[in-house]
Amino acid sequence: MSNNFVLDITSDLTIEVSTVSALCELTDSPRALTVYLLMKNGEYGQLVDLEVNPHDYVDSESFRKDYLVTEALQKSPSLPLKVDRERKAISAFFEAEELCKTTNDRLLRDKGPEMGLLKKARSIIDRVLGPLDRKTLQEIEANFGFGPGATTAIRGSGCVLSDKYDEEIHLTTELIPFFRAMLGDRWWEKSRNPVIVEGNRFTTVPKNAKTDRGICIEPSLNIYGQKGIGAVLRRRLRKLGVDLSNQKINQRLARLAGKRDLATIDLSMASDTLSWATVYTLLPADWFELLDTFRCSHTLVDEEYVELEKFSSMGNGFTFELESLIFAALTLACDPSMTAAEDWHVYGDDIILPTRYSQQLIDALAHLGFKVNTKKSFLAGNFFESCGTDWFGCQPVRPFYLRGSKDKIPYVLQIANSLRLYARSIREGEYCDAEYQSLWAALVKRIPTDWSKHRVPLELGDVGVIDLPSSTTRRCSIKNERGWDAWSVSYIRMKPVERRKRSFGRLLVALACIGNEIETRGREPKRGYLGKPMPGKTTVQQWSSGLHWM
């Protein structure tokens, strides 16, 4: 990179364009020139339509560099595109509903011979779930609870967990018979009259520069029960060797896919195209009835309730586990002798299996109404991807994305740290690629001094500059039964804003946390709210390795 690099940080967009322009100069390829000229001329619509085809490359380095400059701005909310991202998400919602309706009509109408793979998958699911007996129901009940997100009764931003116990309870008609039993004696006595709602509420979250992602906000009692079902489904999946707490299994298999003749398959709108009839076809009747009772059959979208053709959407507390179960069963049905985590694995709609069975699985998925994302599915070649990792010939080539500033952290700091971690990741954590050192240094110079003077290990994140220890960083001794040396690290502390509460809901939260060794003394962090950045100190047992520039 030339020494005359000037970083413009007057806005999120200008710092992003300045950074990608510098990356284009470092890459110095026909694709990099294309990206540079499109940015220079403000042709951002054409820029986000650019794609890079790994089959056009023979070596990982040239692909990786072109991949980075092509993808870096693809998820930026700052690009001045003439597109209504929320409206596109709503359109995608109705498109998925039409696909689900077609699938429902076909599966419920078709009386012909059933696809053999579906019979095997249903048998696998029946074996994995087991009987829905009293013991299983008690296990589900023991896992009832709330997540960090919003409900139809409580906004997610600024709320605390106890609000969900203190405020009015929303539930769908199907849960009325179980209302008293689900609340228990304590909550029942203090609860207000429940509010019956018709269903969940559609909203959107950022996805990429061209469209938002549609999710649904569930009624409070529905999500409370859905979380319990999801937890039990997650445990049952371990019988198949599927571990939904560990993305590294998929990532490792994706890396080895070319050597082991594996295929990586990704689906478009997987949860939104999980039709009612698909779940009805594959799950045992009693389990289907349980899930059907807790799901929402209607969604409020564009100020009108729509009766759903899909079974459940993202936002439902068991959707991820349910789709993982179905895709795992379909995958294993291709060859029950396969070994999980060695021959195959799934994580949501990220599916990996031997290439020889890929078409068989794709046909079954199509029969059930799912759409394979052909741009992100790879059945052969040098490139494979899964669970946020991309590999070309077993080499890591995942780009980093400029997603706009967040919280109260200087955006230039976030970009500098992302670049440092990218330079480290493409060298597999052994060192940082020195090709990006000058750009990183230029970024660091523009970080406000209050932030740039703090050098931190990568484990701490964007609370300072991720770097090697500075001259002000000192070693200290931590005394315990074993004894070890540690680093004393100064950083910018982003402490969540807390609310003090003395309420019945706070008591229920405390009871739910028994055994977690968490003593909050009535203080709860407000979701999405951070206080004033303040200097702080902490100790780390060891400094991150692989941060040297080489």
task: Start with the C-alpha gap between Asn200 and Thr299, add the side-chain angles, then the distance that decides, and say whether side-chain hydrogen bond (donor to acceptor under 3.5 Å, both in side chains) holds.
output: CA-CA 5 Å; Asn200 54 29; Thr299 292; 2.5 Å; yes
message: Please determine whether side-chain hydrogen bond (donor to acceptor under 3.5 Å, both in side chains) holds for the pair Tyr401 and Glu71, giving the CA-CA distance in whole Å, both sets of side-chain angles, and the decisive distance to 0.1 Å.
response: CA-CA 7 Å; Tyr401 292 90; Glu71 289 288 310; 2.9 Å; yes
task: Report the C-alpha distance between Arg252 and Glu342 in whole Å, list the side-chain angles of each, state the deciding distance to 0.1 Å, and finish with yes or no for salt bridge (Lys or Arg N to Asp or Glu O under 4.0 Å).
output: CA-CA 9 Å; Arg252 177 178 59 83; Glu342 293 300 323; 3.7 Å; yes
- prompt: Yes or no on side-chain hydrogen bond (donor to acceptor under 3.5 Å, both in side chains) for Gln414 and Asp462, after CA distance, side-chain angles and deciding distance?
  reply: CA-CA 6 Å; Gln414 297 174 45; Asp462 294 329; 5.6 Å; no
- request: Evaluate salt bridge (Lys or Arg N to Asp or Glu O under 4.0 Å) for Asp49 paired with Lys210, printing each intermediate quantity in order.
  value: CA-CA 9 Å; Asp49 286 334; Lys210 294 190 285 187; 3.4 Å; yes
- prompt: salt bridge (Lys or Arg N to Asp or Glu O under 4.0 Å) between Asp105 and Lys101: does it pass, once the steps are laid out?
  reply: CA-CA 6 Å; Asp105 291 343; Lys101 185 179 188 306; 3.2 Å; yes
task: Applying side-chain hydrogen bond (donor to acceptor under 3.5 Å, both in side chains), run through Ser123 and Asp126 and close with a yes or a no.
output: CA-CA 5 Å; Ser123 176; Asp126 185 64; over 6 Å; no
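Remark: side-chain polar atoms of Trp287 are paired, donor with acceptor, to backbone N or O of Gly130 under 3.5 angstrom. Using modelled atom types, one side-chain atom of Asn222 and one backbone atom of Phe294 make a donor-acceptor pair closer than 3.5 Å. With hydrogens and angles disregarded, no donor-acceptor distance shorter than 3.5 Å links the side chain of Arg64 to the backbone of Pro396. Side chain of Thr331 to main chain of Leu361: no donor-acceptor pair is present (N/O by atom type, distance under 3.5 Å, no hydrogens or angles). A donor-acceptor contact shorter than 3.5 Å links the side chain of Gln251 to the backbone of Cys387. His345 places no side-chain N or O within donor-acceptor distance of the main-chain N or O of Asp350, the cut-off being under 3.5 Å.
Note on ring orientation: taking the six-membered ring where Trp is involved, the planes of Phe146 and Tyr224 are tilted (angle from 30° to 60°).
Atom NZ of Lys376 has 12 or fewer neighbouring heavy atoms from other residues, nucleotides or ligands inside a 6.0 Å radius. Other residues, nucleotides and ligands contribute only 12 or fewer heavy atoms inside 6.0 Å of the OH atom of Tyr280. Within 6.0 Å of NZ in Lys248 there are 12 or fewer heavy atoms belonging to other residues, nucleotides or ligands. Other residues, nucleotides and ligands contribute at most 12 non-hydrogen atoms within 6.0 Å of the CZ atom of Arg213.
Put simply, the side chain of Pro284 does not reach to within 4.5 Å of the side chain of Leu132, judged on heavy atoms. Contact check for Asp286 versus Leu290: no side-chain heavy atoms found under the 4.5 Å cut-off. Counting heavy atoms from C-beta on, the side chains of Val48 and Leu73 never come closer than 4.5 Å. Arg398 has its side chain out of reach of Ser425: every pair of non-hydrogen atoms, C-beta onward, lies at least 4.5 Å apart. Counting heavy atoms from C-beta outward, Leu353 and Phe327 have side chains that stay 4.5 Å or more apart. Contact of the Val195 side chain with the Thr152 side chain is not registered, since no non-hydrogen atoms from C-beta on lie closer than 4.5 Å. Using a 4.5 Å heavy-atom threshold, the side chains of Tyr422 and Leu68 count as touching. Under the 4.5 Å side-chain criterion, counting only non-hydrogen atoms from C-beta, Leu330 is in contact with Leu368.
For the atom pair CZ (Arg499) and NZ (Lys526), the distance works out to 6.5 Å, reported to the nearest 0.5 Å. From Asp292, atom CG reaches atom CD of Glu174 across 7.5 Å, with rounding to the nearest 0.5 Å. Going from atom CG of Asp302 over to atom CD1 of Ile90 covers 4.5 Å, rounded to the nearest 0.5 Å.
A centroid separation of less than 6.0 Å is found between the aromatic rings of Phe93 and Phe202. In summary, the aromatic rings of Phe320 and Tyr347 are positioned with their centroids under 6.0 Å apart. Aromatic ring centres of Phe288 and Phe311 lie closer together than 6.0 Å.
When Ser312, Ser324, Ser313 are each tested for a side chain to side chain donor-acceptor pair (under 3.5 Å) with Thr319, only one passes: Ser312.
Listed by chain and residue number, Leu117, Lys120, Ala121, Ile124 satisfy the side chain to side chain contact (heavy atoms under 4.5 Å, CB included) test with Ala333 (two or more places apart in sequence, or in another chain). Looking at residues two or more places apart in sequence or on another chain, you find a ring-ring contact (aromatic ring centres under 6.0 Å, His included) between Tyr67 and Phe63, Phe383.
Lys371 and Asp272 are not joined by a salt bridge, as no carboxylate oxygen comes within less than 4.0 angstrom of a charged side-chain nitrogen.
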